[in-house]
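Since the structure comes first, as structure tokens, the remarks are kept for the end.
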Amino acid sequence: ENKMNQTIMIVAGVVVVWTVLFVVMMSFQKKRKAGEQQFNADNAYKALLHLYCDHVAIDGNSLSAFSHTQGEYMQTIVALEPGQHRLEGIFRSTEAGVTGNKNLVSEKLSIDIDLEAGHVYSAAMYFYSSEDRNEYYKGQTGKAIAEVPLSIVKGSDQVKAYVIVYEEQ
């Protein structure tokens, strides 16, 4: 009977800890989402660029030179003046496969993009071209404004991934 009470106390303790952590994480997520919505509203007259990369520089400047925030999905969102910009960053992605996960990391890439005020853009690494993704998602991918094919070996024709900048729909 003593062991039974001990087991019940341990289970109850785990449930309480899990519940408290769940509530805390939900409130963080809600706060992050509200912060992203406020950032979007405050910068509606600019071009909003969602970045899924590291070591970012825009027009040769670090992120600290721009108004930016962290998005709901841990991406960096940068508010930029409309016009031509040069985006630099190291992109990474993971693809789950039958034989295990494939992790790819790019070298530092430089991409020239033309952004319009009031539009939302995203820059990320994908394992399929914008054309293939558009076909697969039946036209629901947004408009690709820049695409850089990546191969594992420099100069190889065997493309393994793409960094694509989309204008969101």
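The shown structure was predicted, so the numbers you read here are calculated from the model rather than taken from an experiment.
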- Around Lys33, counting heavy atoms of other residues, nucleotides and ligands shown, do more than 12 lie under 6.0 Å from its NZ? no
Open item on the list: Would you say OH of Tyr128 has more than 12 non-hydrogen atoms from neighbouring residues, nucleotides or ligands within 6.0 angstrom?
Closed with: no
When rounded to the nearest 0.5 Å, the distance separating CD of Glu135 from OG of Ser129 is 9.0 Å
*Evaluate whether atom CD of Glu131 has more than 12 neighbouring non-hydrogen atoms of other residues, nucleotides or ligands under 6.0 angstrom away.*
no
Any heavy-atom pair between the side chains of Ile113 and Ile145 that's under 4.5 Å?
yes
Item to check | Ile164 with Tyr52, same ILVMFWY side-chain cluster at under 4.5 Å | outcome: no
- [ ] Would you kindly confirm whether Trp18 and Met26 end up in one hydrophobic cluster when ILVMFWY residues are joined by side chain heavy atoms under 4.5 Å apart?
- [x] yes
Could you tell me if Asn103 and Thr94 have a donor-acceptor pair between their side chains, going purely by distance under 3.5 Å? yes
Query - Heavy-atom side-chain proximity of Leu104 to Phe127 below 4.5 angstrom - result: yes
So, do Pro82 and Tyr45 sit near enough that their side-chain heavy atoms are less than 4.5 Å apart?
no
| If only atom types and distance count, is the side chain of His68 paired as donor or acceptor with the main-chain N or O of Ile77 below 3.5 Å? | no
Under a 4.5 Å cut-off applied to non-hydrogen side-chain atoms, are Ser130 and Glu147 in contact? yes
- Message: Quick one, Ser67 and Asn43 - any side-chain contact, counting heavy atoms below 4.5 Å?
- Response: yes
Scanning both residues in full, the closest heavy-atom pair of Gln140 with Asn134 reads N-OD1, 4.1 Å
Rounded to the nearest 0.5 angstrom, the CE-CD1 distance for Met125 and Ile90 is 10.0 Å
Practice problem: Output yes when Asp59 and Arg86 qualify as a salt bridge under the 4.0 Å nitrogen-oxygen rule, no when they do not. | Solution: no
In this structure, CG of Leu109 is separated from CG of Leu150 (nearest 0.5 Å) by 5.5 Å
For this session: Indicate, with yes or no, if the rings of Tyr126 and Tyr166 have centres closer together than 6.0 Å.
Result: yes
Note: Ile58 and Val56 closest approach over all heavy atoms is CG1-CG1, 4.1 Å
To the nearest 0.5 Å, atom SG of Cys53 lies from atom CD of Gln75 at 11.0 Å
**Request:** Side-chain contact test, heavy atoms from C-beta onward, threshold under 4.5 Å: evaluate it for Ser106 versus Arg92 and give yes or no.
**Result:** no
In this structure, CD1 of Ile10 is separated from CG of Asn5 (nearest 0.5 Å) by 11.0 Å
The reported gap from CG in Asp132 to OH in Tyr137 (rounded to nearest 0.5 angstrom) is 11.5 Å
Determine, using the 4.5 Å side-chain heavy-atom cutoff (strictly less than), whether Val120 and Leu63 are members of one ILVMFWY cluster.
no
On a heavy-atom basis, the closest approach of Ile111 and Ala146 is CG2-CB, 3.7 Å
Quick one: does Tyr121's side chain get under 4.5 Å of Leu48's, heavy atoms only? no
Check: Heavy-atom distance under 4.5 Å between the side chains of Lys46 and Leu80, does that happen here?
Finding: no
Hey, mind stepping through Thr69 and Glu36 against side-chain hydrogen bond (donor to acceptor under 3.5 Å, both in side chains) and telling me if it holds? CA-CA 7 Å; Thr69 190; Glu36 179 180 337; over 6 Å; no
